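Please read the structure below before turning to the comments.
As the structure is a computational prediction, the values presented were derived from the model and not from experiment. Below, chains carry the letters A, B, ... as their sequence lines are ordered, and counting in each starts from 1.
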Amino acid sequence: MDTYNSDFEKDIYRFWEENDLFKPEVNKDGKPFSMVIPPPNVTGALHIGHALNQTLQDIFARYKRMCGYSVLWLPGTDHAGIATQTMVERDLAKKGIKKEEIGRDAFIEKVWEWKNTYGNRIIDQIKRLGASCDFSRLRFTMDEGLSRAVRKAFVELYNAGYIYKGEYIINWCPSCHTALSDLEVEYEEENSKLYYLKYFLENSDVFLVVATTRPETLFGDTAVAVNPKDERYKHLVGKKVVLPLVNKLIEIIEDEYVDMSFGSGVVKITPAHDVNDFEVGKRHNLDIIIAIDDYGKMTHNAPGLEGVDRFEARKITIEKLKEANLIYKIEDYVHSVGHCYRCGTVIEPYISKQWFVKTKDLAKKAIEVVENGSIKFIPKHWEKTYFEWMYNIKDWCISRQIWWGHRIPAYTCKQCGEVFVSENPIDKCPKCSGKLIPETDVLDTWFSSALWPFSTLGWPDNTEDLKKFYPTSLLLTGFDIIFFWVARMIMMGMFFMNDVPFKDVYIHALVRDKFGQKMSKTKGNVIDPLDVIEKYGADSLRFTLAILAAQGRDIKLSYDQIESYRRFMNKIWNAYRFIEMNTKDFQPAVNTNAYSSASLWIKSRLSKAIEQVRQSLDDYKFNEAADSIYQFVWHEFCDYYIEMSKAHIGKDEFSDEVKGTLLEVFEQLLRLLHPFVPFISEFLWQKLPNKSAKSIMIAKYPHSQEFATQIEEEFECLIELIKAMRILRSENTIAATKKLSFYFRPINEFAKNIIEKYQKYVLLLANAKEISIIKTDVPKSFIQPTKYGDIFLEAGQNIDVEGEILRLKKVIEKAQVSIDFLNKRLRNQEFISKAPKQLIEKSKKELQEAILIKENAKKRIEQLQSVL
RNA sequence: GGGCGCAUAGCUCAGCUGGAAGAGCACCUGCCUUACAAGCAGGGGGUCGUAGGUUCAAGUCCUGCUGCGCCCA
């Protein structure tokens with residue numbers, strides 16, 4: 001093994017799978033910890049957002065598993081009604097087949113074929129990331145069990161009065177040819193025109209100016225409206241105007257809804273094609289005239305335009321209005337237009353019979369459980385977003401006019417017209433024995449997703465899994481689906497299980513490109529996680545995502561960052577190589593009582609790192625956890641302990657002890673690392689002589705220990721002195737390879753003891769020939785003052801006196817800043833009386849140290865100047 | 001229009017309950033020192049968006065303002 005290469009990842013994953021390590025049964029007796037995966041679309045391909053989501057969940061799954069929990073992380077996919085149907089339709093279209101030609105059943109069969117062929121793609125991709133989901137429990141929203149759960153849920157909600165069918169104006173996508181819920185409409189600001197049309201008063205050549213962005217809808221106008229407070233039009237209310245082009249009379253009504261400042265203050269009312277107008281229409285009992293059909297084409301109500309597309313119809317209408325001199329003026333106008341979230345088509349408000357979930361009461365409980373802390377959002381501020389939506393929740397349109405999905409389990413009697421719902425198919429009317437016609441609409445995919453936390457565990461059966469793992473412990477997802485999914489799961493969980501679906505909800509950020517732009521295929525700025533895995537390995541990607549996952553901020557990701565954390569993988573790899581090289585023929589001693597100081601120190605530092613990582617993970621601070629490990633591994637274990645170990649190995653009585661400690665600490669830090677970088681940690685762990693289990697996955701997560709603070713104080717001094725020596729070398733541009741002689745003038749016994757006690761480490765890490773303790777100055781030398789005393793380096797003949805003076809002046813300057821700051825603080829009577837004692841003492845000590853450094857540097861400058 | 005978030009080193013960002021500003025990348029200097037040049041050692045660089053307030057002490061708490069982003073209507 002020479003250099004790091006992530007090729008082993010696939011083998012490692014296979015090893016885990018073959019040993020069945022992803023099942024909760026590996027810790028049968030542990031306390032349950034459960035998560036359900038936010039089910040990706042079965043048509044989907046893994047994108048970087050999934051990668052982040054999966055990585056963070058896997059970190060938790062592995063962490064909790066190693067802590068002894070019986071971890072169930074349940075995977076699955078959702079059937080993504082519209083998306084999947086569209087995709088298969090497109091496939092068929094290539095072969096020249098329309099779905100209507102083959103019929104509903106045959107089409108659905110085609111979709112299943114497609115699903116069975118390609119539906120596991122995203123699951124396989126998730127595996128590449130190292131996800132430790134229990135794939136034996138893999139679920140799909142359309143599978144048998146979940147479909148049963150959906151039917152049961154529908155029937156129960158219906159019977160409890162929470163589902164109703166009615167004719168309402170809904171968001172309609174003329175392209176997908178289905179109703180959409182409010183959430184599935186995306187609004188975009190668009191540059192458009194505002195048309196001011198002339199509506200003449202009946203039998204008059206006086207006209208009202210009516211402003212509209214959609215002149216083509218005038219064919220559906222059944223009134224014009226003014227605000228009751230609007231003095232300009234008060235006298236006209238109740239009179240009639242002539243509808244342009246149609247030449248029909250419609251009434252002038254008054255309604256609060258009208259904004260007096262919009263246009264001329266007179267608006268046309270088109271109940272069939274505008275949500276607000278629909279409400280106005282209801283209040284005033286207006287006729288409803290449908291001018292645009294379900295394919296977005298004009299109806300017979302638009303004379304001469306029947307069958308013309310709505311946008312084409314707009315142009316023609318304008319031309320006609322112009323010809324008839326019915327346009328008062330046209331202005332540029334910016335307004336927001338709703339689009340279908342799936343296909344981008346402009347939404348057409350449309351009146352039709354749809355099924356709705358009555359949400360107000362369901363929301364009440366869902367609000368309560370967040371208010372009372374039964375469910376916690378992390379970061380907490382997302383609770384506000386949640387409440388905001390929940391307080392203003394609208395009924396949820398759940399029917400979709402497509403074929404792929406859960407068919408609504410409702411039946412209408414052909415004879416008596418009665419509607420029945422039933423979990424199991426029925427064909428005879430229970431009332432009149434007439435023939436029952438099954439509902440053709442299917443349910444919104446999110447309806448089945450809302451049941452996910454319990455339907456996947458076996459509900460409606462009271463299975464062992466359901467008993468053990470519901471409520472789930474943690475839901476980890478993106479903020480974009482708080483309304484779509486999180487809120488609805490809470491409502492459904494409360495209704496069906498009478499308990500929350502999860503206790504903690506961690507909301508993670510969006511992954512953007514390095515310019516902060518949303519990644520999208522059209523922009524061409526996507527970072528494909530599978531690409532990254534190919535190039536850098538899943539571990540590098542995971543570690544990068546984890547260390548960037550600070551709460552409440554989006555992640556700007558670039559290849560540079562991934563590259564830099566790949567270097568970290570390489571560093572770990574090489575640390576292992578060093579250890580392996582040096583412990584080849586070494587058998588760990590059973591009981592080592594005598595430890596070298598370096599070993600005591602690194603174990604103390606490791607303990608601190610463990611503590612920090614555990615604490616950070618418990619607080620969902622992935623970035624802090626990852627950073628703590630990074631700092632420890634690189635800048636303590638590698639930079640210092642491994643270097644210091646070279647002073648012992650093969651050189652003194654601690655040789656074996658140090659080898660043992662290298663293995664011991666490295667073994668622990670692999671376990672510490674495992675949740676973040678599962679592959680390399682497992683791969684290297686398998687090679688260790690001191691591994692404790694079949695797999696690192698089921699080894700225990702390390703615990704911290706208490707160590708005397710003394711060892712850390714000693715090493716703090718030691719490291720500062722080593723650094724001082726390195727500064728002298730570097731500032732005087734002396735090659736790292738040249739062995740030097742240093743002198744140390746300690747300020748006290750403690751400092752003197754450190755240099756003596758740890759001479760071995762000093763010599764090695766500063767690459768020194770010798771280090772002598774002295775009491776006086778060393779003339780003709782470079783000096784580096786520290787708070788523990790001065791370090792000298794003999795300058796030989798060619799000392800650059802001026803350069804050295806300049807350098808020392810900087811030292812003085814720095815010390816002076818400290819002195820001024822601390823003096824100011826300590827002379828402040830209020831500080832002395834109010835600040836904590838510890839801080840006062842610390843400040844006094846620091847002041848003394850700064851003064852000492854300054855004085856010594858000053859003296860040296862004077863000396864040097866006398867030489868000049 | 002309502003709500004939320006962000007503004008800290010050239011870039012990307014940490015900074016918990018307030019006690020002298022940190023990391024990674026980039027940059028400069030010197031090194032192929034026998035784990036690692038995907039590396040080692042050292043260095044420069046910030047009046048923490050702005051104006052006030054609370055406090056002995058404010059990047060950190062409060063208020064106004066400016067700029068950017070997101071969500072909802």
Practice task
Confirm from the modelled atom types if E643(A) and A35(B) form a donor-acceptor pair under 3.5 Å, side chain to base only.
Solution key: yes

Problem - Nucleotide forming a Watson-Crick or wobble pair with A41(B), both distances under 3.5 Å - result: U29(B)

Handout entry: Distance-only donor-acceptor test, K384(A) side-chain atoms vs C4(B) base atoms, 3.5 Å
Key = no

Practice task
Please determine, by modelled atom types, if Q816(A) and K854(A) share a side-chain donor-acceptor pair under 3.5 angstrom.
Solution key: yes

Exercise for the section: May I ask you to evaluate whether K834(A) reaches the phosphate of U55(B), defined as a side-chain N or O under 4.0 Å from OP1 or OP2? Expected result: no

Handout entry: Nearest to side-chain heavy atoms of I727(A), which nucleotide of U29(B), G42(B), A14(B)
Key = G42(B)

Exercise for the section: Considering only atom P, compute the distance from C61(B) to G1(B) and round it to an integer number of Å. Expected result: 28 Å

Practice task
Return yes if a side-chain donor-acceptor contact under 3.5 Å exists between R825(A) and N828(A), otherwise no.
Solution key: no

Problem - Side-chain N or O of K571(A) closer than 4.0 Å to phosphate OP1/OP2 of C40(B) - result: yes

Practice task
Would you mind telling me which of A38(B), C31(B), A35(B) lies closest to the side-chain atoms of R577(A)?
Solution key: A35(B)

Handout entry: Shortest side-chain distance from R825(A), nucleotide among C36(B), A20(B), U12(B)
Key = A20(B)

Exercise for the section: Using atom NZ of K814(A) as one end and atom P of A21(B) as the other, report the distance to the nearest whole Å. Expected result: 14 Å

Problem - Aromatic-base stack, F821(A) on A20(B), cutoff 5.5 Å, angle under 30 - result: yes

Practice task
Write down the distance separating the P atoms in C48(B) and A21(B), rounded off to the nearest Å.
Solution key: 10 Å

Exercise for the section: Could you give the distance separating C25(B) and G44(B) at their C1' atoms, to the nearest angstrom? Expected result: 16 Å

Completion exercise
By nearest-nucleotide position on RNA chain B, the 5'-leaning member of K723(A) and W389(A) is K723(A)

Completion exercise
Which of C56(B), A38(B), A41(B) is nearest the side chain of R567(A)? It is A38(B)

Exercise for the section: Go through the steps for K380(A) and E383(A) under the test salt bridge (Lys or Arg N to Asp or Glu O under 4.0 Å), then give the verdict. Expected result: CA-CA 6 Å; K380(A) 198 172 165 48; E383(A) 286 178 8; 3.1 Å; yes

Fill in the blank from the handout: Looking only at heavy atoms, the pair that brings H508(A) and G49(A) closest together is NE2-O, 4.5 Å

Completion exercise
As its Watson-Crick or G-U partner within any shown strand, both distances under 3.5 Å, A7(B) has U66(B)

Practice task
With P as the reference atom in both, quote the distance from G39(B) to U47(B) in angstrom, rounded to an integer.
Solution key: 31 Å

Practice task
Verify whether one side chain among N227(A) and Y257(A) offers a donor that lies under 3.5 Å from an acceptor in the other.
Solution key: no

Exercise for the section: Tell me which nucleotide among C31(B), G42(B), C40(B) gets nearest to the side chain of D639(A). Expected result: C40(B)

Handout entry: Base A41(B) to side chain R729(A), donor-acceptor N/O within 3.5 Å cut-off
Key = no

Fill in the blank from the handout: Considering only heavy side-chain atoms of N570(A), the closest of G43(B), G30(B), C36(B) is C36(B)

Practice task
Give, for atom OH of Y4(A) and atom CD1 of I572(A), the distance between the pair rounded to the nearest 0.5 Å.
Solution key: 8.5 Å

Handout entry: Gap in Å between the two P atoms, one belonging to A20(B) and one to A58(B), rounded
Key = 12 Å

Fill in the blank from the handout: From the candidates G24(B), A41(B), C70(B), the one with an atom nearest any side-chain atom of Y565(A) is G24(B)

Practice task
May I ask you to evaluate whether H635(A) reaches the phosphate of A41(B), defined as a side-chain N or O under 4.0 Å from OP1 or OP2?
Solution key: no

Exercise for the section: Let me know the distance between CE of M390(A) and C1' of C72(B), rounded to the nearest Å. Expected result: 15 Å

Handout entry: Phosphate contact (A35(B) OP1 or OP2) by K646(A) side-chain N/O below 4.0 Å
Key = yes

Problem - G3(B) OP1/OP2 closer than 4.0 Å to side-chain N/O of W382(A) - result: no

Handout entry: C62(B) and G18(B), which share atom name C1', separated by this distance in whole Å
Key = 13 Å

Exercise for the section: Determine the Euclidean distance between corresponding C1' atoms of C32(B) and C40(B); express it in Å to zero decimal places. Expected result: 10 Å

Problem - Residue met sooner reading RNA chain B from 5', once Y640(A) and I579(A) are mapped to nucleotides - result: I579(A)

Practice task
Taking all heavy atoms of C638(A) and all of K571(A), pick out the closest pair and write down the distance.
Solution key: CB-CE, 3.7 Å

Exercise for the section: Whole angstrom is fine here: how far is it from CG in N392(A) over to P in A73(B)? Expected result: 9 Å

Fill in the blank from the handout: Winner on side-chain proximity to E624(A), out of G15(B), A35(B), C40(B), is G15(B)

Exercise for the section: In whole angstrom, give me the gap between the P atoms of G2(B) and C65(B). Expected result: 12 Å

Practice task
For the side chain of P836(A), starting at C-beta, report the closest nucleotide among G19(B), C56(B), A20(B).
Solution key: G19(B)

Practice task
State which of A35(B), G43(B), A20(B) makes the closest approach to the side chain of K842(A).
Solution key: A20(B)

Fill in the blank from the handout: Separation of A20(B) atom P from D820(A) atom CG, nearest Å, is 17 Å

Problem - Y758(A) ring center near Y761(A) ring center (under 6.0 Å) - result: yes

